There are 2 protein chains.
Amino acid sequence: MTMADLATLAKVSKITVSRALRDSALVRKEVRDQIHHLARSHGYRLNVAARSLRTRRAHSITAVIEMDPSEERPMSEPLALMIIGGLLQVLTMRGYSLALTTQTQALNSTLHDSDGVILLGQGENDEATGRVSRFNLPMVVWGRIQPASENVVFVGSDNFEGGRLVGEHLVALGRRRILFLGDITHSEVADRFSGLSGAISASGAITRQLACAFSREAGRAAVAAEIERGEPFDAIAACSDLVALGAMDALEAAKIIVPRQVAVAGYDDTARESRLTSVRQDWDRAGRLLADKMLSLLAGERPASEKLPVELIVRGSTQG
Amino acid sequence: MTMADLATLAKVSKITVSRALRDSALVRKEVRDQIHHLARSHGYRLNVAARSLRTRRAHSITAVIEMDPSEERPMSEPLALMIIGGLLQVLTMRGYSLALTTQTQALNSTLHDSDGVILLGQGENDEATGRVSRFNLPMVVWGRIQPASENVVFVGSDNFEGGRLVGEHLVALGRRRILFLGDITHSEVADRFSGLSGAISASGAITRQLACAFSREAGRAAVAAEIERGEPFDAIAACSDLVALGAMDALEAAKIIVPRQVAVAGYDDTARESRLTSVRQDWDRAGRLLADKMLSLLAGERPASEKLPVELIVRGSTQG
DNA sequence: GACTAGTGCGCCCTTATCGTA
DNA sequence: CTACGATAAGGGCGCACTAGT
């Protein structure tokens, strides 16, 4: 069942069918309706390959996810899936399909065929952006906002503000010696740290940064070592909820009471079941925004990069 | 840069280029090598749409994920992402791309164009399988093994065995009154319950099943209510780690000691950071197997459905 | 002549089929 | 039989054009 068949049935030419199905004003409304009806009743399905061949558009977007199996970031993965939910809402509605790939696979394959790439996560030192940009496709990057170039737009949450909110909160609670746990070679984490230490030093309190991977065990070990060192602290701000949970493990082991002796804040609000104060962002909206920017790029516009607001969720680990 | 351009450069016909790039034996090795070299140096990329149009194959597989935002299953989502990793390994290597969609989006969209569908999760009462099978595409379903039809294959982990392992373990620890927490309208959960109660009743111990959704709060509430009722129990087997954590919350609140008074086992081993005994499966392998079955279906074979082995991970929540 | 509603033809790039040296 | 070529789809859409108001 092709357009030609439909055309015969409707006693018009193929191009009229084509236009009718695309709701072109060049076709009278009655004819359009009739053709739509015929298409539906005969189970006609557009041949996507033929359209792509002709229009040189694949009507498909590739999302590149960070998924290095060697890295232990079990709690950060759902984030990718939540963004994908938002992407799908927008893209499917606009007739695009979403292809998925990992960074390593993307570099080997031809990136199949896509009209654009949505990069979820820049990786350490932002090297992922450079690698993928070589494909020379319109690209939208989730992560830290960078100077946009013609074909590249950045969307990210306001990590600086997130850090600042945490810092302000801890200072308001009277905390004076704050530990930050996180790997600041990750640019998003670096922003959180800047925001945090800005808010804190403004009040005269002090911050120490401890390098720490994205795992619960890393958080535990870092804090255990710090307790061992004996340098006092009364609050911890972690780069993720998982790290914060690890920190609380170490505190519990050392019989340090949370939040009375040490307040603990996480990030990303993935551990909503816990009593962790954290910073939340609207992942669904992030996904929808990424998709909107991509469609805008494809339409030949030059959309601006955009920062998404964040929200501090206060729970018992800091206040109680 | 098309095949015709390459043909001119190599002073052969387009069809020879086509054959050479596919490593056909109909082209002399020297010619093949030369054409490969030319293609690489001129940055030639196959036009996927043209190939699809001609061969009537999209070289693309769609994975349908469960992602109903109303359902609160935050911990089960990473599982989908882990399976996807395995899918990508196999599919990209074999030249296929992976498209992603949700159940709701899949039903609205034309399922774009794909050679087959991989359904991740059958949903309650297996209704998802029926809905998607209407597209009449080769389909591989992750979930409970059902009678396979011509175009449909099932791959799932051995839930019965998983339940049995837990039951055997609890019985070996001397537990006699075991609570099962989970929604047995979910067919996978039902299998776990069967395996569990089989192992348990064989030893003369008894099982009680409590209906319970897939959330921590549901686990907590169910167990709190059971404590309230006063009916004694000395072990809990939950349908997921999240539910098990909720159960432990309720036990802790009632000052019941784990595992001395009540042993607790989860399922899926998503809470690896905790001290929860659980049942683990190899998600990566599951994804690779799903992809293999799909490619086999596409090759016109009739692969068999397959159960994947599971492994009991014993930790402090049952033994210690 | 300007507009509306529609047509005919060719092209997009690859590969299957058949043919030939 | 081996190695290659000419031709013809495959389905949809853009372009240039026309018949009828």
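Quantities reported herein were computed from a predicted structural model and do not represent experimental measurements. Residue numbers start from 1 in every chain, and the chains themselves are labelled A, B, ... in the order their sequence lines are given, proteins ahead of strands.
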Rounding to an integer number of Å, can you tell me how far [X] [atom1] sits from [N] [atom2]?
X: Leu26(A); N: dA16(D); atom1: CG; atom2: P; value: 15 Å
X: Asp5(A); N: dG10(D); atom1: CG; atom2: P; value: 11 Å
X: Ile35(A); N: dG12(D); atom1: CD1; atom2: P; value: 13 Å
X: Arg28(B); N: dA21(C); atom1: CZ; atom2: C1'; value: 14 Å
X: Arg32(A); N: dG6(C); atom1: CZ; atom2: C1'; value: 14 Å
X: Arg57(A); N: dG14(D); atom1: CZ; atom2: P; value: 11 Å

Salt bridge flag under 4.0 Å for residues [X] and [Y]:
X: Asp191(A); Y: Arg144(A); result: yes
X: Asp292(B); Y: Arg288(B); result: no
X: Lys293(B); Y: Glu306(B); result: yes

Pair Asp158(B)-Gln281(B), side-chain hydrogen bond (donor to acceptor under 3.5 Å, both in side chains): steps then yes or no: CA-CA 9 Å; Asp158(B) 194 341; Gln281(B) 36 202 322; over 6 Å; no

Atom of Leu53(B), atom of Ala49(A) and distance for their closest heavy-atom approach: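 Minimum heavy-atom separation between Leu53(B) and Ala49(A): N-CB, 3.7 Å.
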
Side chain to side chain, Leu21(A) and His36(A), heavy atoms closer than 4.5 Å: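 Touching, per the 4.5 Å side-chain cut-off.
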
Sugar-phosphate, base or nothing in reach of Val31(A), heavy atoms under 4.0 Å: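 The answer is sugar-phosphate, as Val31(A) gets under 4.0 Å only of primed atoms, P, OP1 or OP2.
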
Rounded (10°) bend between the five-pair end axes of the helix from dA2(C)-dT21(D) to dA21(C)-dT2(D):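 Taking five pairs per end, the axes differ by 50°.
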
Val27(A) backbone acceptor or donor facing Arg19(A) side chain under 3.5 Å: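 Pair absent, no side-chain N/O of Arg19(A) close to backbone of Val27(A).
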
dC4(D) phosphate, OP1 or OP2, under 4.0 Å from Ser13(B) side-chain N/O: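 No, because none of the side-chain N or O atoms of Ser13(B) sits under 4.0 Å from OP1 or OP2 of dC4(D).
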
His37(A), NE2: over 12 other non-hydrogen atoms inside 6.0 angstrom: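 12 or below, so no.
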
Sugar-phosphate or base contact per nucleotide [nucleotides 9-19 of chain C; S, B, -; heavy atom under 4.0 Å]: -BBBBBBB---

Polar contact flag, side-chain donor to acceptor under 3.5 angstrom, Arg56(B)-Ser52(B):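 The criterion, which ignores hydrogens and geometry beyond distance, is not satisfied for Ser52(B) and Arg56(B).
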
